[in-house]
Asker: 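Dropping the structure in here first, questions after.
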Protein chains: 2
Amino acid sequence: MSKVQSLNMRLTATEENYLKAIFKLSEENGNPTATTNAIAAEMNTAAASVTDMLRRLSEKDLIHYEKYKGVHLKEQGRKVATMLLRKHRLWEYFLVEKLKFEWDEVHDIAEELEHVRSEELINRLDNYLGQPRFDPHGDPIPNADGTIPTRQLTPLSTLKTGQHGVLTGLQEHPDSLMRYLKKVNISIGTKIQVLELHEFDESVSVRIDDERDIELSEKVSKNLLLKI
Amino acid sequence: MSKVQSLNMRLTATEENYLKAIFKLSEENGNPTATTNAIAAEMNTAAASVTDMLRRLSEKDLIHYEKYKGVHLKEQGRKVATMLLRKHRLWEYFLVEKLKFEWDEVHDIAEELEHVRSEELINRLDNYLGQPRFDPHGDPIPNADGTIPTRQLTPLSTLKTGQHGVLTGLQEHPDSLMRYLKKVNISIGTKIQVLELHEFDESVSVRIDDERDIELSEKVSKNLLLKI
DNA sequence: ACATATTTTTAGATTAATCTAAAAATATTT
DNA sequence: AAATATTTTTAGATTAATCTAAAAATATGT
Ligand SMILES: [Mn+2]
Ligand SMILES: [Mn+2]
Ligand SMILES: [Mn+2]
Ligand SMILES: [Mn+2]
């Protein structure tokens, strides 16, 4: 007897966060199925808490869940998760473009703002901002209909000597990486050209905006996604 | 052993809402002490739930509470309540001025936005909006230091024939009143002049912006606050 | 295939926020 | 000053979200 809920059911912020976590995990693995432990790690909770929540989300028909078999989002769950990303990223855009926050300062605030419940609000915000397609970290902003703009991006770490591209996104974006990039004056839109590859530690010498040369570690170069 | 909490203690949205309710009740009665039942009515909860919460807020040293004697806000509680009003009203201003919502559409959204925790956010929003002093309903926006702009306003119902003023605030502002005023094209800034007082039902004939004449009921005229 | 390791679920508590019903305290009326 | 009414608190449940510890299921390694 699954409680198939009305289309505009009322979810708690916690339920929403779990759906986002499952979405994120299935995106980054390419595999639609997420495991209990992976969700627990993503959410910083005990595995037992995840099991509880999976039961509840399953009751509400937002996910498909079988004991020991992992979970994947159902139609409704995916819709909710996508709209959360839309809200999160539009708010981040607002915070950076209008309120002049730095790109490493907006995530936690957007984590709260994304749970404010109002379709009207988010659509008006979208229009007010000029319907931006990417957030301050280069992540695509889902459209009102749920579609997500895609692009073909290449990690800096895979380029050969002489090749160049424009920084367009980040693989992952912990605040520490963003603060580092801010320090070395690299941001979305920066041109990066490979000067030399160092086989020993996979670090790379690059020319920034045809102006100055710096060294980037393997860890950094794997995280910088370029449009070639 | 009251747990005197650190200055930036973490409150739940529910705790914050109780503090706002107590603040509102003490403002509108002129009496700083609020009763359990009054709070229950304001919060739409059972009196028993209020008693529970009062105990908790008292533990945190936000209110002064003695069984059967009612409560009043302490320094910290008053500060929290004032900052909530600041946030609520700044967000309402944003929603109306920037996102072009109508004044009767913004309250519920602001009820959620006001709980987003970030001093930095609200101060940047304040600057972005040009440090407005009043919200779309004419209510004063507390300053960052907690002071609240005051004005001397007169209810339309107390004016004599011939007197006039500019609509500057509302006594209370249920959505129904705001929708009515929207329909008859009266808003903050509208000039209102008394043409005739009707003793029978205390209704009043008024001239709007020196252009058109309408009738307003006693209930409406008591709610319109004018700057003479 | 069996033993061991890992993952996941269950069992049982805890805390915040809520409720109803009953008891206790306070206020009002006769 | 009683009797009555009203207000407030207590007692006992409930639900969401969390935890730890133990049990059960599944996966891995020899
Ligand atoms: Mn973010
Ligand atoms: Mn982002
Ligand atoms: Mn409001
Ligand atoms: Mn208002």
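Below, read A as the first sequence line, B as the second, and so on, with proteins coming before strands; counting in each chain starts at 1. Every heavy atom of this structure was used, including side-chain atoms; hydrogens, water molecules and symmetry mates were not.
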Asker: Any N/O pairs under 3.5 Å between the protein and nucleotides 13-18 of chain D? List them or say none.
Answerer:
unit_1  : atom_1 : unit_2   : atom_2 : d
dA17(D) : OP1    : Thr12(A) : OG1    : 2.4
dA17(D) : OP2    : Arg56(A) : NH1    : 2.3
dA17(D) : OP2    : Arg56(A) : NH2    : 2.6
dT18(D) : O4     : Asp52(A) : OD2    : 3.2

Asker: CD1 of Ile39(B) versus C1' of dT7(D): gap in Å, rounded?
Answerer: 13 Å

Asker: Would you say the side chains of His198(A) and Glu202(A) form a donor-acceptor pair under 3.5 Å?
Answerer: no

Asker: So Thr51(A), base contact, sugar-phosphate only, or nothing? Heavy-atom distance under 4.0 Å.
Answerer: base

Asker: How close or far is atom P of dT7(D) from atom CG of Leu54(B), stated in whole angstroms?
Answerer: 16 Å

Asker: What integer distance in Å separates Tyr68(A):OH from dA25(D):C1'?
Answerer: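 These atoms are roughly 4 Å apart.
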
Asker: Among Glu27(B), Glu111(B), Glu42(B), which residue satisfies the salt bridge (Lys or Arg N to Asp or Glu O under 4.0 Å) criterion with Lys20(B)?
Answerer: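 Among Glu27(B), Glu111(B), Glu42(B), the one meeting salt bridge (Lys or Arg N to Asp or Glu O under 4.0 Å) with Lys20(B) is Glu111(B).
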
Asker: Would you tell me whether Asn17(A) and His115(A) have side-chain atoms, one donor and one acceptor, within less than 3.5 Å of each other?
Answerer: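 His115(A) and Asn17(A) do have a side-chain donor-acceptor pair below 3.5 Å.
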
Asker: Applying the Watson-Crick and G-U wobble criteria at under 3.5 Å, what pairs with dA22(D)? Answer none if nothing qualifies.
Answerer: dT9(C)

Asker: Between His107(B) and His88(B), is the ring centre distance below 6.0 Å?
Answerer: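 Here the rings of His88(B) and His107(B) have centres that are less than 6.0 Å from each other.
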
Asker: In whole angstrom, give the distance that lies between atom CZ of Arg55(A) and atom P of dT9(C).
Answerer: 7 Å

Asker: Can you classify the ring geometry of His64(B) versus His72(B) as parallel (below 30°), tilted (30 to 60°) or perpendicular (above 60°)?
Answerer: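 Ring orientation of His64(B) relative to His72(B): parallel.
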
Asker: Assert yes or no for the condition that the ring centre distance of Phe94(B) to Phe94(A) is strictly below 6.0 Å.
Answerer: yes

Asker: How close or far is atom P of dA24(C) from atom NZ of Lys67(B), stated in whole angstroms?
Answerer: 12 Å

Asker: Please tell me which of the listed nucleotides, dT7(C), dT10(D), dT9(C), lies nearest to the side chain of Asn37(A)?
Answerer: dT7(C)

